[in-house]
Amino acid sequence: MQVLHALIIALLTWLVATACPMRLRWSMYFGAPLVSGLINGLLLGDLSYGLQCGATVMMAYIGLVAIGGSLPSDLSLAGYLGVYMTMAAHADPSVGITIAVPLGFLGILCSNAKMALNPIWVHRADRYAAEGNDRGVVAMNLFASQIVPFITYFIPAFLCVLFGAPFLEMLLGVVPQQVISILKLIGAMVPALGLAMLMNMMNKRSTIPFFLIGFVLAAYLKLDIIALAILGVAYGILHLLYTRKRGEGNV
Amino acid sequence: MQVLHALIIALLTWLVATACPMRLRWSMYFGAPLVSGLINGLLLGDLSYGLQCGATVMMAYIGLVAIGGSLPSDLSLAGYLGVYMTMAAHADPSVGITIAVPLGFLGILCSNAKMALNPIWVHRADRYAAEGNDRGVVAMNLFASQIVPFITYFIPAFLCVLFGAPFLEMLLGVVPQQVISILKLIGAMVPALGLAMLMNMMNKRSTIPFFLIGFVLAAYLKLDIIALAILGVAYGILHLLYTRKRGEGNV
Amino acid sequence: MQVLHALIIALLTWLVATACPMRLRWSMYFGAPLVSGLINGLLLGDLSYGLQCGATVMMAYIGLVAIGGSLPSDLSLAGYLGVYMTMAAHADPSVGITIAVPLGFLGILCSNAKMALNPIWVHRADRYAAEGNDRGVVAMNLFASQIVPFITYFIPAFLCVLFGAPFLEMLLGVVPQQVISILKLIGAMVPALGLAMLMNMMNKRSTIPFFLIGFVLAAYLKLDIIALAILGVAYGILHLLYTRKRGEGNV
Amino acid sequence: MSEPTTAVETRVTLDKKTLRKSWWNWTCWGQICYNFERMMGQGFCHSMIPIFKKLYPNDKEKRAQGMTRHLTYYNTENTWGCLIPGIVAAMEEEKANGADVEDEAISNIKTALMGPIAGVGDAVTQGIVKVLLLTIGIDLAMKGNALGPIFYVLGFSAYALLVGYTCYMTGYKLGKNAVVKILSGGLIQEITEGFGAMGMMVLGGLVATKIGVSTPLSFALGEKVTEVQALLDQIMPALLPLALFFGVYALLRKGITPMKVMLLIFIAGTVFSLLGILA
Amino acid sequence: MSEPTTAVETRVTLDKKTLRKSWWNWTCWGQICYNFERMMGQGFCHSMIPIFKKLYPNDKEKRAQGMTRHLTYYNTENTWGCLIPGIVAAMEEEKANGADVEDEAISNIKTALMGPIAGVGDAVTQGIVKVLLLTIGIDLAMKGNALGPIFYVLGFSAYALLVGYTCYMTGYKLGKNAVVKILSGGLIQEITEGFGAMGMMVLGGLVATKIGVSTPLSFALGEKVTEVQALLDQIMPALLPLALFFGVYALLRKGITPMKVMLLIFIAGTVFSLLGILA
Amino acid sequence: MSEPTTAVETRVTLDKKTLRKSWWNWTCWGQICYNFERMMGQGFCHSMIPIFKKLYPNDKEKRAQGMTRHLTYYNTENTWGCLIPGIVAAMEEEKANGADVEDEAISNIKTALMGPIAGVGDAVTQGIVKVLLLTIGIDLAMKGNALGPIFYVLGFSAYALLVGYTCYMTGYKLGKNAVVKILSGGLIQEITEGFGAMGMMVLGGLVATKIGVSTPLSFALGEKVTEVQALLDQIMPALLPLALFFGVYALLRKGITPMKVMLLIFIAGTVFSLLGILA
Ligand SMILES: OC[C@H]1O[C@H](O)[C@@H](O)[C@@H](O)[C@@H]1O
Ligand SMILES: OC[C@H]1O[C@H](O)[C@@H](O)[C@@H](O)[C@@H]1O
Ligand SMILES: OC[C@H]1O[C@H](O)[C@@H](O)[C@@H](O)[C@@H]1O
């Protein structure tokens, strides 16, 4: 029974982190703790407790954004494994965050390992493509890509669930508090990379002023994303109108 | 004496609501409670009490706007009749609002009856115009247009003043509290029509972005109309400058 | 010894107010109380007390801007003489402001006397220039220009330090409180001249809208100068982009 | 132009008196027969009657055509809106004197200008001037000073008369000088763009503040009660007013008449109020 | 064009089924081999494979060229980003049918659009839709309602599928109709300008709020303790995040790979954390 | 151009030393004879003297003309303003070498640039750099650290010297390369538009915050006391400063000299202070 549970959680952690169809993955990923609360609640036979735990941990991540592939924290580990560990310890839902958050930071390592090693398969795919071997390309994309994540996500999650709190404590014990602080700082810094990559990709110099306007509106006047998006639509249309070539006539 | 008073108030209510010259009407309308305080104060021989009542009720309506012909509340009834009824009851000025406000909401019915029935005279005017009969057109505009408002404004106001609080109570008694709540909600919804008609009339697609900007500035940053008007002038000039045809040269 | 001290302070007051190289002058001027705290601290042998006094008075002037030659308050007198008088009286640093501020207002008179009388030398320079006499032009610029300031800055500062508090009191006694209030008001009004001169110099009508935008952002939304400068860069670039001639192509 | 002699003979010019009469009609009776179908259309026509009497003293047919031309849908702010009858007067004068001013051009001007000018005018007249004058008037009245209401009524009237008269006459001059420009579209284009931007900005602000709809709904599961309005506010302030506004706007765009929309609002208001969904 | 008869004979059109397969590949496997070197490049290539099979059923060489063409660096938001493979599919179709579509034009479109669409898409998908759905989901779950997570997962999936599918097909149509326009640069220009402005605006806001770096430094001289972070906040809110952002951006501009920048962040994070300079 | 051989013979180029001397004169003595009539005009002339000595070593007449040319009204921010004498130096060099640089062109450049650069420069130098350095300096001094004032003076001087020198030399290069462009108006136009927009924005902010005028008036009728300033604030924050600003601006526009305006301010300040109307 415990093995089955371990299998389910480990599979979810791994699949949602990297393997399952992108679209499903996204909802299951950005809402990982919430979903985990439901699933673990069902598996452990205490649905209401599960939902509580899941919702509570979820709140800490409601504003998380993954931009340009930069994760400030790994939600899959934090969600699926974190919420399970909380419930296994019969801890108060509010304690869930203290368990999930360090796991999320450790997850940054797993995610980056994948991002760093996957180019191996890309280079193979280059070769297959040159040969016109589309099956090879697909195989690299779908299967080879899962080797690293399986090791970094599935295995630890499986062992944690199987051997329970002692194993997790051992795992976290190996990792001193200082490392968690470091990973937390890295998690706070990492979005800068994603955002900078995005900026780098928007290579029109003429739109840089809007970056400054958005920054001031958010930093000084505390406008949120919805307000910025509305203003963005407005300014975007005007920008288009003002920079479009005269010849085409006015709207 | 009471008849005279009833006549004066009923006339004012009616004339200011629809009949008297537009320019005078506007000041007498938007400031109805204030003006009513003065007049009723003089008629009832307690000027200071009248001014108090008028000013107090006025404050509730200081931000009222009538846009695209949409009235959130009828100020003529609320002001001229409402303030009178308050004073007749020797009520505290602060009570005035509780009397005036439901009258204002009932007034929405009077105003809309006029708006709905007046097309009758417009169609007659069409006929007279086609015949080149300008007197006919003028007659429709000036006199025919007053038939409905006379019935909906003059008569109830006259009776209310003449028969006093009991009559008003009867009138309001006929109308259950629920109806007042409904009319209050309608009064809150109605400006949407006026504003939408205005938007519909400003048929340049190129200025829609400014709507969004204005909305965000008012809804999120709580800028008031004066600030928006200043920014509007600024953005308006820039918009003109940026969209004007090149050939004409820069300012 | 006291004479030496008087000489140093009076020289500083005068030189920083008008005579010494502009660049040095600027730092010594805008930071006058701070610098004065250091120098008087050293001269009077109580460095820490001096720094306290200087820093405390400085805080009152941290936002002072001198634009278009308009001084809301004369920092040289307020700083060099003001801080000295405070320390000579062994007063609490917080008292320093009450001594410095009226001196600063009186200084408006000294500064304006210079501004008003210097044209004498400019007209002489006109003549020398017409004759090709560059030494004459330089002499007017460097030396003649110092006659008035020497009288209005050096002499009173020297006497105040030499004869101490009684003299200052006499000086301020001659000037009734009312005059200080008047000068304070003038000091508050004078920046309007500098700003208006600036506006007058930026004589492009097409940029006036930005004035309105800046005003609303600062007056209503309390944005500070840094935020305005960032937005200014953004809007400035966009303005350039939108008004530049089409022919030159887009950025 | 090519035959100046004959042209001069027959040229009719609008004199100050006629213009004043036209303005006066507008400023007094422009909105007296206000209605859902044509709004101020009849009032506009009324203001043009003195113009036509002057331009076509002996031509009933032309007068009839003119009146019919101006009985169409029209609505704008009353004060600043005086600009429009002023411009139109000039155009009618040109037309009467043989210039090639098509009916469509005249109606285009009215349609193009009435919206933006209403936007700007409402903001200034109702949003600023009225509020300022009322603030002072209330302040005085509160202190028992009878000058409060008097000051307000006189002040507001003075504003309306002065601005209105000036706008009418300015409009007329503009129309006279620029009739060619106007016809070519340049000026209307500019005015509607500039005024339009300003009007729209203010309109956005009015939508955010002057539609007072909110929901009293709340739901409780267990002990915790959640106010739906609070949830909505978290998403966006003034979300319901914005939604209502765009709903009504969509109806108008679809060609539903204002009259019918008003009816719908009455029905919806009744239903939602009874169901306790809106307040 | 000059030889329509032969052209018609050999013309291959992408049918709905092929397009759906391509979209499906993208929407399922676009990010599965995500990596620092090419990001979603391999996924993009995967999504083009059905297209090439259809266009060049018997020409392995062309298929090989096509796949290689799309194994390049690519990254965008997944939902709204479906627009791009849609447009590219149309361009590949034209190319296969002999139109003069250079490899560069295709790659230009991808490069031009991926940035702005990511900016806009991230803002809408992660910043707005996700947050709204989560808010409701959490609210329900908190009250013990199992529909909370289910509602969230279904809602978000529905959003992603609907928007994604629509964008892909819209992109394809756009590409078909406007292929000439696109090639001439007009449309890309407009889309990147407009979307770019919006994306940049949101990006500025994200920099201000989503980079959570601050300094725990403080210094005490005498009794008074000064927090350095408070000093920085006085200068400008979010100063450190802005500085970090521009630092990283400068590195990328210099051509340092994202992989190396990530490494640098790990090193810098470790050092600054241990020294107690940042937190 | 047509006779290069002779031209080469007589060509005078400004060497680094001369440019440095000119910059130094400006940066030291530009504002020493500051006055209401010409502001920094005499200082500007002083900075040009080394240039003329170099360009016209033997032509007193030309030197006289040059000096007279630069004794006109001039005022700008001192640091970033170094750009202008740099540009002018390049133009004078061209003129001395026979290029067709009219006196007017030179004076136009000065007039066009001095305003916008003052706006931007004042914001950066006095609004940002000075405040930042002072904040740190005060902080240190408060704690008894003598480095506070020293740090401030050195820091600010370094800023002024570095930025000023760079701007002068950049201006010179710009002038050399772009003299044709500048003369044709394109570049000045652009710079003044861009800088102008930024400067105006900051100017608006300064008007709202740096003119400290308010009214102490209040009136009591009965028991309630109303502060007039509170009423004004309700209408608009910073209303009096704005009114004062536009009043002064109107006077300047009418051609009243700054000197006279200053006198008026003294008189008005005295009167309003005594009457208790302003404070
Ligand atoms: O920023 C664009 C895009 O980058 C990566 O692909 C991921 O982080 C996505 O979540 C994001 O939408
Ligand atoms: O909105 C324009 C205009 O519409 C109607 O005519 C009335 O409500 C006026 O008060 C308003 O100015
Ligand atoms: O405003 C430009 C400039 O004007 C004057 O020269 C002085 O007040 C300077 O401080 C200021 O930089």
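Since the structure is predicted, the reported quantities are computational estimates derived from the model, not experimental observations. Every heavy atom of this structure was used, including side-chain atoms; hydrogens, water molecules and symmetry mates were not. All chains are named by letter (A, B, ...) in the order of the sequence lines, taking the proteins before the strands, and each is independently numbered beginning at 1.
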Assert top hit (heavy-atom pairs under 4.5 Å, partner chain A, pool E:Val131, E:Val202, E:Leu154, E:Thr270) equals E:Thr270

Is any side-chain heavy atom of E:Pro149 less than 4.5 Å from a side-chain heavy atom of A:Leu51?
yes

Starting at CG of E:Asp122, measure out to CG of A:Leu198 and round the result to the nearest 0.5 Å.
6.0 Å

Please give me the minimum heavy-atom distance between A:Leu142 and E:Ile32, naming the atom from each residue.
O-CD1, 3.9 Å

Part of E:Ala160 within contact of chain A (heavy atom distance under 4.5 Å)
both

Using a cut-off of under 4.5 Å for heavy-atom pairs, which of E:Gln65, E:Arg63, E:Lys60, E:Met40 has the most such pairs with chain A?
E:Lys60

Toward chain A, the part of E:Glu77 with a non-hydrogen atom under 4.5 Å
side chain

With rounding to the nearest 0.5 angstrom, report the CG to CG distance, E:Leu263 to A:Asn112.
9.5 Å

Top of E:Ala146, E:Gly144, E:Cys45, E:Gly247 for chain A proximity - count of heavy-atom pairs under 4.5 angstrom
E:Ala146

Between chain E and each of A:Ala234, A:Gly187, A:Ala192, count heavy-atom pairs under 4.5 Å; write down the option with the most.
A:Ala192

Between A:Tyr235 and E:Met198, is there a side-chain heavy-atom distance shorter than 4.5 Å?
no

Heavy-atom pairs under 4.5 Å with chain A are the metric here; pick the option from E:Asn78, E:Thr68, E:Val207, E:Leu71 that has the most.
E:Asn78

Looking at A:Ala196 and E:Val248, what are the two nearest heavy atoms and their distance?
CB-CG1, 3.6 Å

Could you state the interatomic distance from CE (A:Met197) to CZ (E:Phe36), rounded to the nearest 0.5 Å?
8.0 Å

Under 4.5 Å from any heavy atom of chain A - which part of E:Trp26:
both

Run the side-chain donor-acceptor check on residues 213-232 of chain A: report pairs under 3.5 Å with partners two or more places apart or on a different chain.
from, atom 1, to, atom 2, distance (Å)
A:Lys222, NZ, A:Ala219, O, 2.7
A:Asp224, OD1, A:Ile226, N, 3.2
A:Asp224, OD1, A:Ala227, N, 3.0

Tell me, out of E:Gln31, E:Met200, E:Met39, who's got the most heavy-atom pairs with chain A below 4.5 Å.
E:Met200

Under a 4.5 Å cut-off applied to non-hydrogen side-chain atoms, are A:Leu109 and E:Phe266 in contact?
yes

E:Thr125 vs A:Trp26 side-chain heavy atoms within contact, under 4.5 Å:
yes

Side-chain contact test, heavy atoms from C-beta onward, threshold under 4.5 Å: evaluate it for A:Val137 versus E:His46 and give yes or no.
no

Which residues in residues 116-132 of chain A have a heavy atom less than 4.5 Å from any heavy atom of chain E?
A:Ala116, A:Asn118, A:Pro119, A:Trp121, A:Val122, A:His123, A:Ala125, A:Asp126, A:Ala129, A:Ala130, A:Glu131, A:Gly132

Under 4.5 Å from any heavy atom of chain E, what part of A:Ser181 do you find: side chain, backbone, both or neither?
both

With a cut-off of 3.5 Å and sequence neighbours excluded, list every side-chain donor-acceptor pair involving residues 52-68 of chain A.
from, atom 1, to, atom 2, distance (Å)
A:Gln52, NE2, E:Met142, O, 2.7
A:Thr56, OG1, A:Gln52, O, 2.6

Please check: side-chain N/O of A:Asn141 versus main-chain N/O of E:Trp29, any donor-acceptor pairing under 3.5 Å?
yes

Pick one of side chain, backbone, both or neither for E:Tyr73, based on which atoms fall under 4.5 Å of a heavy atom in chain A.
side chain

Any side-chain heavy-atom pair of E:Met67 and A:Asn133 under 4.5 Å
no

May I have the list of side-chain donor-acceptor pairs in residues 31-45 of chain A shorter than 3.5 Å, sequence neighbours left out?
from, atom 1, to, atom 2, distance (Å)
A:Ser36, OG, A:Asn40, ND2, 2.9
A:Ser36, OG, A:Gly79, O, 3.1
A:Asn40, OD1, A:His5, NE2, 2.9
A:Asn40, ND2, A:Ser36, O, 3.2

Report which part of E:Lys62 has an atom under 4.5 Å of a heavy atom belonging to chain A: side chain, backbone, both, or neither.
neither

Could you look at E:Met236 and say if it's the side chain, the backbone, both or neither that has a heavy atom under 4.5 Å from chain A?
both

Are the aromatic ring centres of A:Tyr29 and E:Phe156 under 6.0 angstrom apart?
no

With only heavy atoms counted, which part of E:Met114 is less than 4.5 Å from chain A, the side chain, the backbone, both or neither?
both

Does any backbone or side-chain atom of E:Phe246 lie under 4.5 Å from a heavy atom of chain A? Answer side chain, backbone, both or neither.
side chain

Under 4.5 Å from any heavy atom of chain E - which part of A:Lys184:
neither

Against chain A, work out which of E:Val261, E:Leu252, E:Asn75 has the most heavy-atom pairs shorter than 4.5 Å and name it.
E:Leu252

To the nearest 0.5 Å, what is the distance between CZ (A:Phe211) and CG (E:Leu242)?
5.5 Å

Measure the spacing between CG of E:Leu113 and CE of A:Met201 and express it to the nearest 0.5 Å.
10.5 Å

Supply the atom-to-atom distance E:Gln42 CD to A:Met140 CE, rounded to the nearest 0.5 angstrom.
8.0 Å

Side chain from CB out, backbone as N, CA, C, O: work out which of these in E:Ile49 comes under 4.5 Å of a heavy atom of chain A, or both, or neither.
side chain

Using heavy-atom distances under 4.5 Å, tell me whether E:Lys130 contacts chain A through its side chain, its backbone, both, or neither.
side chain

